[in-house]
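Just so it is clear, the model here is predicted, and its values are computed rather than measured. For ligands, and for the atoms within them, numbers begin at 1 and follow the listed sequence.
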Amino acid sequence: MKAIKDTLQMQKIAFKHLKDGDKIGLVPTMGALHNGHVSLIEKSIKNDDITIVSIFVNPIQFGSDEDYLKYPRHLKKDLEICKKNHVDYVFMPSVNNMFSQAYKTFVEVEVLQSMMCGAFRPVYFRGVATVVLKLFNISCADRAYFGMKDFQQLKIIEKMTKDLNFRTKIVPCPIVREKSGLALSSRNSYLSDEEKLLSLNISKILKEAAKEFKNKTLNVVEKKAVNKLKKIPNSRIDYAEIVSVKDLSPADKNTKKAVFAVAVWIGKTRLIDNTKMTK
Ligand code: AMP
């Protein structure tokens, strides 16, 4: 396994593999790796000749009042996890190497970037789309792996890839959860023991809602779930919406495939989770 810090060097290596006919898989991450990330890595190892994991806490997707500085960074452990999982390259550029002082170009995926998480984190998806586009160009990826845990992010990357004619194929990967149901997230490390217990309610409520969606009306299911979420002590809802899988528009009675997506604060930690719902 090689750790590469320089964008040009990474791109040169990727071009060489492309020329040699290797299929390249990219797993973009912000590090503090857990089994959710590992599930993406395992898929790439299985599908692709070469697996590149990027570890980059991307400053341009954090608002000024957000947790960029305190975001967990465990590079040594991350490298061990990558090595153990047979990753070929870890791409871990510095901020200056990715975004020089003179940097001026940004990607916006209209409409999708403004709803749900985007309504609460205005610069978030512009930052995500921009860095992912750069990572696609640097890695020459044939396939890129994204978790359904960040469902809106996945839809935005799919849309950007289609709109901008990227050759990279997006591979969606299922949410990995703890036995308790809690979706794995690097930010779970912010939670105290007590907050962690409270946060288990989120996946439980989503699971119940998905069951009810089969035979109850959408409004009833959504309202009931929101009421339950509101009752979690020390919590605050950013949003809890049942939307169409296709384009994240609000689901209606004709929607057959929906996603119930939520962002809920437990204390000072913002957690997102979602579940697919089918009639
Ligand atoms: P992050 O490091 O949080 O930016 O996540 C990097 C990638 O891992 C994204 O595509 C996430 O959707 C994915 N990911 C994070 N948590 C999970 C999880 N619990 N299950 C599956 N994928 C995940």
**Q.** Candidates Lys207, Lys149, Arg177, Arg187 - the one meeting salt bridge (Lys or Arg N to Asp or Glu O under 4.0 Å) with Asp273
**A.**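 Checked Lys207, Lys149, Arg177, Arg187 against Asp273; only one passes salt bridge (Lys or Arg N to Asp or Glu O under 4.0 Å): Arg177.
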Q: Could you tell me whether some N/O pair between Met30 and ligand 1 is separated by less than 3.5 angstrom?
A: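 Yes, there is a polar N/O contact under 3.5 Å.
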Q) Under 3.5 Å between some N or O of ligand 1 and some N or O of Asp150? A)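 Yes, there is a polar N/O contact under 3.5 Å.
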Distance filter under 4.0 Å to [X] heavy atoms, resulting ligand 1 atoms:
X	value
Gly147	9 (C), 10 (O), 11 (C), 12 (O), 13 (C), 22 (N)
Phe146	10 (O)
His34	15 (C), 16 (N), 17 (C)
Thr29	2 (O), 6 (C)
Ile175	20 (N), 21 (C)
Leu184	16 (N), 17 (C), 18 (C), 19 (N)

Measuring from [X]:[atom1] to [Y]:[atom2], what's the distance to the nearest 0.5 Å?
X	Y	atom1	atom2	value
Met1	Lys84	CE	NZ	13.0 Å
Ile55	Cys82	CD1	SG	4.5 Å
Glu208	Thr275	CD	OG1	11.5 Å

**Q.** Test side-chain hydrogen bond (donor to acceptor under 3.5 Å, both in side chains) applied to Glu178 and Ser180, step by step
**A.** CA-CA 5 Å; Glu178 286 186 359; Ser180 64; 3.2 Å; yes
Q) Within 45° of the axis and under 6.0 Å from the centre of the six-membered ring of Tyr68, does NZ or CZ of Arg73 qualify? A)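 Output yes; distance and angle both within limits.
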Q.
Does the structure place the NZ or CZ of Lys276 under 6.0 Å from the centre of the six-membered ring of Phe151, at an angle of no more than 45° from the ring's axis?
A.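 Pair Lys276/Phe151 does not count as cation-pi.
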Determine whether the side chain, the backbone, both or neither of [X] has a heavy atom under 4.0 Å from any heavy atom of ligand 1.
X	answer
His37	side chain
Pro174	backbone
Leu40	side chain

Q: Would you tell me which option among Pro28, Gly31, Pro172 has the nearest heavy-atom contact to atom 7 (C) of ligand 1?
A: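 Result: the heavy atom closest to atom 7 (C) of ligand 1 is in Pro28.
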Q. Mind checking whether Arg177 has a heavy atom under 4.0 Å from ligand 1?
A.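 False for this residue.
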Q: Check step by step if side-chain hydrogen bond (donor to acceptor under 3.5 Å, both in side chains) holds for Asn219 and Thr217.
A: CA-CA 6 Å; Asn219 284 347; Thr217 63; over 6 Å; no
**Q.** Protein heavy atom at shortest distance from atom 20 (N) of ligand 1
**A.**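 Here the nearest protein heavy atom works out to Val176 N, 2.8 Å.
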Q | Plane angle bin for Phe99 and Phe56 - parallel if under 30°, tilted between 30 and 60°, otherwise perpendicular | A |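 Rings of Phe56 and Phe99: tilted, as their planes differ by 30° to 60°.
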